[in-house]
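Shown next, in structure tokens, is the structure this report addresses.
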There are 2 protein chains.
Amino acid sequence: MDSRGQSAQQQAAAQRRRQLLEAAERVVLRDGPGASMNAIAAEAGITKPILYRHFGDKGGLYKALAKRHTDALLDALRAALDAPAERRARVEATLDTYLAAIEANPQVYRFLMHPAEDAAPLDQSFDIGRHSAPLLRRLGEELAKVIEERIDLGPDGGQRARIWGHGIVGMMHAAGDWWLGERPCARQELVTTMADLLWGRLASAADRPGGPGF
Amino acid sequence: MDSRGQSAQQQAAAQRRRQLLEAAERVVLRDGPGASMNAIAAEAGITKPILYRHFGDKGGLYKALAKRHTDALLDALRAALDAPAERRARVEATLDTYLAAIEANPQVYRFLMHPAEDAAPLDQSFDIGRHSAPLLRRLGEELAKVIEERIDLGPDGGQRARIWGHGIVGMMHAAGDWWLGERPCARQELVTTMADLLWGRLASAADRPGGPGF
DNA sequence: AGACTGTAGTTACCAGTGGTAACCAGTGGA
DNA sequence: TCCACTGGTTACCACTGGTAACTACAGTCT
């Protein structure tokens, strides 16, 4: 074996795989998540069966395609989360990083959030959320880990941290999705307002005069 | 026209439509969101084309199917939101209502959240989130309305209310989805912990000893 | 040289999907 | 009796994901 522990053939195969993934990405960006395997193969200058040899099935291709972006996003978020600053600043930086990413290329993140409903016809077992949004799950778990490591939440803190992790990620995602569709305000304002929500301003805000509180 | 403003024929058609929807619901609950039009038609004891006469296309059927459940859920949530109690109690009641609903029949809500990626092949315009989760959008807007009506958020309060509305709904959804998959704790604990998050406990919690704060 | 093996690539196909055109049968009214 | 209408059907279309069977060319061993 050579210095990297793989033969020249394996290396060539890996490079080919990268080329195919790039072609697939071009097509998905152009045609949306419903892009067909035929279209992807054509873009790569080949035909379907070799795609299947490399990636098994469409899910495999999409998973490989997703991995690169999720890893990149996760790295960026971890960096924001680990920056040397006080808690509020970190939260805002993390939110802003996420929003900047989805703003930069929305198609990619639409694809990541809704990756190919497969729905095996004979699968009796009900698998809610397994294919729904793996990226969100990963983000939630990751955030939960950071929260648990850094904040003292008393007994059962692990449980609380996970709930908060998934909850905050969901908040970020839903608000970001809505914002991206309507663009009702600047990114900074969205970030500040969401951080305010996490800082308890919903609880401390005054009732509107003349009605029962929310 | 008769007392309800429709002929007997129209009335019969509406009833037929209801029957078809019930059959469709049975199939979707059994086979998941990927259920085929053929299967639905067979369950209703008929064949495809009359489904298309009634609902136009699959999206139409699914939209009609979704409407009933979303309306029911929205009503329940509005009731919890409007109950005569203090703010915290209302928030908890609303969260609990949502979680109880998705717990009661998860399949229905999985269907509502991911209703049939259509992705018209020639649609160049990028429509992030338009088909992704109409129910979540509706919930977000609804909550935003309630927040705006009842809480004084100063100038630009409408904007803030919408951000919070979508954010809170996203939090509720993501945490609920995760919880439903793993069932790591009782519903009540999830509700309390999420409400704590909204009440600013993330901001007020102490750092873990020996590290920079989150 | 010549045979053997493995791999990239092809064509041609399969079952099943959403969707539609054309037709058939019964029913009420002129 | 003939006409329009309506619920329903069969038979099809283009296309999808996925696969089997084949060709063509690389390298290797005898």
Side-chain angles (χ1 to χ4, degrees), chain A residues 1-2 6-24 27-28 30-65 111 114-123 131, chain B residues 6-24 27-28 30-65 111 114-123 131:
Chain A
M1 58 179 76
D2 72 3
Q6 46 186 350
S7 73
Q9 300 217 5
Q10 285 173 322
Q11 213 170 328
Q15 185 172 348
R16 191 92 185 86
R17 194 182 150 101
R18 241 170 289 140
Q19 291 175 1
L20 298 184
L21 278 178
E22 278 165 25
V27 175
V28 165
R30 169 164 31 92
D31 296 354
S36 83
M37 294 298 266
N38 256 329
I40 294 173
E43 169 75 27
I46 50 165
T47 49
K48 263 194 308 178
I50 92 164
L51 273 185
Y52 283 95
R53 265 220 270 276
H54 273 270
F55 301 103
D57 63 350
K58 194 174 189 178
L61 204 182
Y62 276 23
K63 223 184 295 183
L65 201 49
F111 165 71
H114 308 280
E117 314 264 341
D118 23 302
L122 296 180
D123 189 7
H131 297 281
Chain B
Q6 45 186 352
S7 74
Q9 300 218 4
Q10 285 173 321
Q11 213 169 328
Q15 185 171 350
R16 193 89 184 87
R17 194 182 149 99
R18 240 170 290 140
Q19 291 175 359
L20 297 183
L21 278 178
E22 278 165 25
V27 175
V28 165
R30 170 166 27 94
D31 295 354
S36 83
M37 294 297 266
N38 256 329
I40 294 173
E43 169 75 27
I46 51 167
T47 48
K48 264 195 306 178
I50 91 162
L51 272 186
Y52 283 95
R53 268 220 268 274
H54 273 270
F55 300 104
D57 63 351
K58 194 174 189 178
L61 203 182
Y62 275 23
K63 222 183 299 183
L65 200 49
F111 165 71
H114 309 279
E117 314 263 341
D118 22 303
L122 295 180
D123 190 6
H131 298 281

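In what follows, every heavy atom counts, from backbone to side chain, and hydrogens, waters and symmetry copies are set aside. Numbered from 1 within each chain, the chains take letters A, B, ... in sequence-line order. Keep in mind it's a predicted model, so treat the numbers as computed, not measured.
A donor-acceptor contact closer than 3.5 angstrom links the side chains of B:Gln19 and B:Arg16.
In this structure, CG of A:Leu61 is placed 15 Å from C1' of D:dT16, rounded to the nearest angstrom. C:dA21 atom P lies 18 Å from atom CD1 of B:Ile50, rounded to whole Å. The nearest whole Å value for the distance from the CG atom in B:Asn38 to the C1' atom in D:dC13 is 14 Å. The NZ-C1' distance, from A:Lys48 to C:dC14, rounds to 10 Å in whole Å. As a whole-Å value, the separation of A:Leu51 CG from D:dT19 C1' is 14 Å. The nearest whole Å value for the distance from the OH atom in A:Tyr52 to the P atom in C:dC13 is 19 Å. Rounded to whole Å, the distance from NZ on A:Lys58 to P on D:dT16 is 9 Å. Remark: C1' of D:dC5 and CZ of B:Arg53 are 11 Å apart, rounded to the nearest angstrom.
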>> Quick one, A:Leu20 with A:Ile46, criterion side-chain contact (heavy atoms from CB on, under 4.5 Å). Give me CA distance, side-chain angles, the key distance, then yes/no.
In response: CA-CA 9 Å; A:Leu20 298 184; A:Ile46 50 165; 3.8 Å; yes
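For the side chain to side chain contact (heavy atoms under 4.5 Å, CB included) with B:Phe55, the qualifying choice from B:Ile40, B:Ile50, B:Leu65, B:Leu21 is B:Leu21, the only one to do so.
A residue-by-residue look at B:Pro49 and A:His54 shows that A:His54 has its nearest nucleotide of DNA chain C further toward the 5' end. If A:Gly56 and B:Gly45 are placed on DNA chain D by their nearest nucleotide, the residue sitting closer to the 5' end is B:Gly45.
Among all heavy-atom pairs drawn from A:Tyr62 and A:Ala35, the shortest one is OH-O, 3.5 Å.
Comparing C:dT10, C:dG19, D:dG18 against the side chain of A:Thr47 picks out C:dT10 as the nearest. When each of C:dT20, C:dT10, D:dG8 is scored by its nearest atom to the side-chain atoms of A:Ile46, the top-ranked nucleotide is C:dT10.
A:Ala35 comes within contact range of the sugar-phosphate backbone alone, with a heavy-atom separation under 4.0 Å but no base atom that close.
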